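Since this is a predicted model, take the numbers as computed values, not measurements.
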2 protein chains.
Amino acid sequence: MKKPRLSESQEDYLKEIFKLRELNETVSMQDLARKLDVRPPSVTGMIKKLCAMNLVEHEPYKGVQLTETGEKIALEVLRHHRLLELYLARHLNYSWDEIHEEAERLEHVISEKFEAAIADLMDHPTHDPHGDPIPTAELEIPDSPSLVPLPSLKAAKSIVIGRVMTQDKDILSLLFRLDLTPGQEIELIKNEAAGIRVRVNGSQYLVPQTIARLIWCENTET
Amino acid sequence: MKKPRLSESQEDYLKEIFKLRELNETVSMQDLARKLDVRPPSVTGMIKKLCAMNLVEHEPYKGVQLTETGEKIALEVLRHHRLLELYLARHLNYSWDEIHEEAERLEHVISEKFEAAIADLMDHPTHDPHGDPIPTAELEIPDSPSLVPLPSLKAAKSIVIGRVMTQDKDILSLLFRLDLTPGQEIELIKNEAAGIRVRVNGSQYLVPQTIARLIWCENTET
DNA sequence: ATTATTATTTAGTCATGACTAATATAATTA
DNA sequence: TAATTATATTAGTCATGACTAAATAATAAT
């Protein structure tokens with residue numbers, strides 16, 4: 001079995017299919033075009049190629065899916081990305097909103113050796129700074145606490161943030177400044193129409209619904 | 001003035017022209033083809049393009065030269081490369097013969113931020129693990145001690161290695177195992193036809209001429 | 001000075017991975 | 001069911017950066 005080394009583009013396609021698949025039931029060509037910032041015909045072309053390589057399967061109008069091999073590759077890229085994000089934040093003093101872009105470029109070029117080295121250095125972490133799970137070296141996805149969006153919770157004294165579902169730099173830097181970060185314990189005071197009133201480290205904020213929806217928390221009920 | 005962002009190929013061409021220029025008086029298309037591992041017509045094509053961008057100048061049959069802008073870019077890439085090599089060796093436990101390849105890929109994708117971060121972390125080093133000078137952030141080449149090849153020296157008690165002029169993995173790993181590394185102090189016992197007899201950390205070796213020529217040392221004689 | 005050799009360039013091809021414009025197919029709504 | 005809208009695909013183009021084969025220019029040797 002040969003290992004033909006994929007292009008960065010191809011890796012990005014696989015990664016994006018994987019990420020979209022986690023959210024939506026089905027992944028359309030358009031979804032991909034949007035996320036990858038290319039035009040639909042480009043997607044058609046690339047998906048054709050990936051099909052021929054047995055990395056994805058495609059039923060027109062029904063969606064794209066990764067094959068087992070395709071998923072392995074996606075997970076490898078995702079592992080690189082998330083390890084890198086954590087590494088940049090922890091060891092190179094990157095701020096939260098800077099890590100994504102850099103990781104996006106580095107993920108395609110680091111070797112197995114590099115991956116292993118930073119994983120070692122960080123003691124084989126299971127989640128990145130956004131709370132996203134980091135696939136293990138064996139490409140399994142580690143267990144995460146079951147999470148729900150902040151707006152779906154009722155007022156409660158102690159809620160722990162698990163994950164922030166955005167890569168938008170402005171939002172990230174805002175959340176970072178307010179300490180609305182994974183691991184942080186907050187108090188949900190009241191769920192209002194305009195937003196969610198929370199207390200974090202003694203300070204009180206009204207978090208707009210749009211932003212609150214991006215904050216997923218450990219499910220305290222039941 | 002626009003900054004058109006060069007391709008990795010283009011950066012490699014500029015870097016290689018710079019490095020060749022340090023050794024030879026003149027840089028031919030063939031030299032470039034050899035070093036870059038491409039065929040001469042490819043070089044012609046690319047040089048043409050770089051000329052149009054005002055990054056190099058080319059007198060057919062007389063050689064290629066960097067313009068000021070071209071040199072700046074070459075130095076930037078070189079700075080990335082050498083900082084990375086040192087960083088990989090120091091912080092990620094890379095062995096000497098592994099750093100080059102990884103740096104070769106990373107040098108094109110790291111940001112200014114990344115460059116600054118690792119430079120800071122290492123206290124703005126002036127030389128990489130091979131003894132090659134690391135251009136400063138302002139893209140000046142730092143002073144190096146004046147060096148001469150090991151075979152040109154006479155027997156002497158205390159000689160300090162300054163630089164090893166190879167990227168061959170086997171040779172590097174050999175030199176590393178024998179402690180024939182920049183900064184190391186050695187005794188030159190005798191310059192024989194077959195090689196150079198040296199003592200390093202108490203052990204005695206006969207270093208073949210081919211290899212000895214790659215080892216440059218601080219010039220002890222006036 | 002002519003010939004041989006080496007260096008360089010032209011001309012033309014190929015693969016990648018984007019693009020636009022136009023078309024076809026499916027899903028949705030009237 | 002037909003019309004409309006959304007989705008996907010063809011067909012054809014372009015830029016990049018490699019390649020081969022053939023031609024041309026410079027240098028070295030006889």
[N] OP1/OP2 closer than 4.0 Å to side-chain N/O of [X]:
X	N	result
B:Lys48	C:dT9	no
A:Ser9	C:dT16	no
B:Ser42	D:dG17	no
A:Thr44	D:dT10	no

What are the two closest non-hydrogen atoms of A:Arg79 and A:Ala119, and how far apart are they?
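Heavy atoms of A:Arg79 and A:Ala119 come nearest at NH2-CB, 3.7 Å.
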Please collect all salt bridge (charged side-chain N to carboxylate O under 4.0 Å, His left out) contacts where either partner lies in residues 51-62 of chain B, sequence neighbours excluded, each pair once.
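Not a single pair qualifies under salt bridge (charged side-chain N to carboxylate O under 4.0 Å, His left out).
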Base, sugar-phosphate, or nothing for B:Glu8, non-hydrogen atoms under 4.0 angstrom?
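Answer is nothing: B:Glu8 stays at 4.0 Å or more from every strand.
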Would you kindly compare B:Asp31 and A:Arg39 by the position of their nearest DNA chain C nucleotide and give the one closer to the 5′ end?
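The residue mapped nearer the 5' terminus is B:Asp31.
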Rounded to whole angstroms, how far apart are [atom1] on [X] and [atom2] on [N]?
X	N	atom1	atom2	answer
B:His108	D:dG17	NE2	P	12 Å
B:Leu32	D:dG17	CG	P	15 Å
B:Ile47	C:dT10	CD1	P	13 Å
B:Gln10	D:dA18	CD	P	9 Å
B:Leu6	D:dA15	CG	C1'	16 Å
B:Arg5	D:dA15	CZ	C1'	17 Å
B:Gln30	C:dT6	CD	C1'	7 Å
B:Arg34	C:dA7	CZ	C1'	11 Å

Looking only at atom types and distance, does a side-chain atom of B:Gln209 sit under 3.5 Å from a main-chain N or O of B:Glu192, one as donor and one as acceptor?
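Here the side-chain-to-backbone pair exists.
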Under 4.0 Å from any atom of DNA chain D, heavy atoms only: list the residues of residues 12-24 of chain B that qualify, in numerical order.
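Those residues are B:Tyr13.
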Please list, in numerical order, the residues of residues 49-65 of chain A that have a heavy atom closer than 4.0 Å to any atom of DNA chain D.
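Here the set is A:His58, A:Tyr61.
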Can A:Lys113 and B:Glu98 be counted as an ion pair, charged N to O under 4.0 angstrom?
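Salt bridge flag = yes for B:Glu98 with A:Lys113.
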Could you walk me through whether A:Arg21 and A:Glu71 pass salt bridge (Lys or Arg N to Asp or Glu O under 4.0 Å), step by step?
CA-CA 11 Å; A:Arg21 203 64 203 311; A:Glu71 181 166 307; over 6 Å; no
Look at the side chain of B:Met29 and decide which nucleotide, out of C:dA21, C:dT9, D:dA18, has an atom nearest to it.
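Nearest nucleotide to the side chain: C:dT9.
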B:Ile215 and side chain to side chain contact (heavy atoms under 4.5 Å, CB included): which partner among B:Leu147, B:Leu153, B:Thr166, B:Leu175?
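One option only clears the test, and that one is B:Leu175.
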Fit a plane to each ring of B:Phe114 and B:Tyr87, take the angle between them on a 0 to 90° scale, and name the class: parallel (under 30°), tilted (30 to 60°) or perpendicular (over 60°).
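If you compare the ring of B:Phe114 with that of B:Tyr87, the planes turn out perpendicular.
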So, A:Asp97 versus A:Ser95: side-chain donor-acceptor pair below 3.5 Å or not?
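Note: A:Asp97 and A:Ser95 side chains meet the donor-acceptor criterion.
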Measuring from atom CD1 of B:Ile134 to atom CG of B:Leu86, what distance do you get when rounded to the nearest 0.5 angstrom?
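These two atoms lie 5.5 Å from each other.
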Are more than 12 heavy atoms from other residues, nucleotides or ligands located less than 6.0 Å from atom CD of A:Glu22?
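More than 12 heavy atoms, drawn from other residues, nucleotides or ligands, come within 6.0 Å of this atom.
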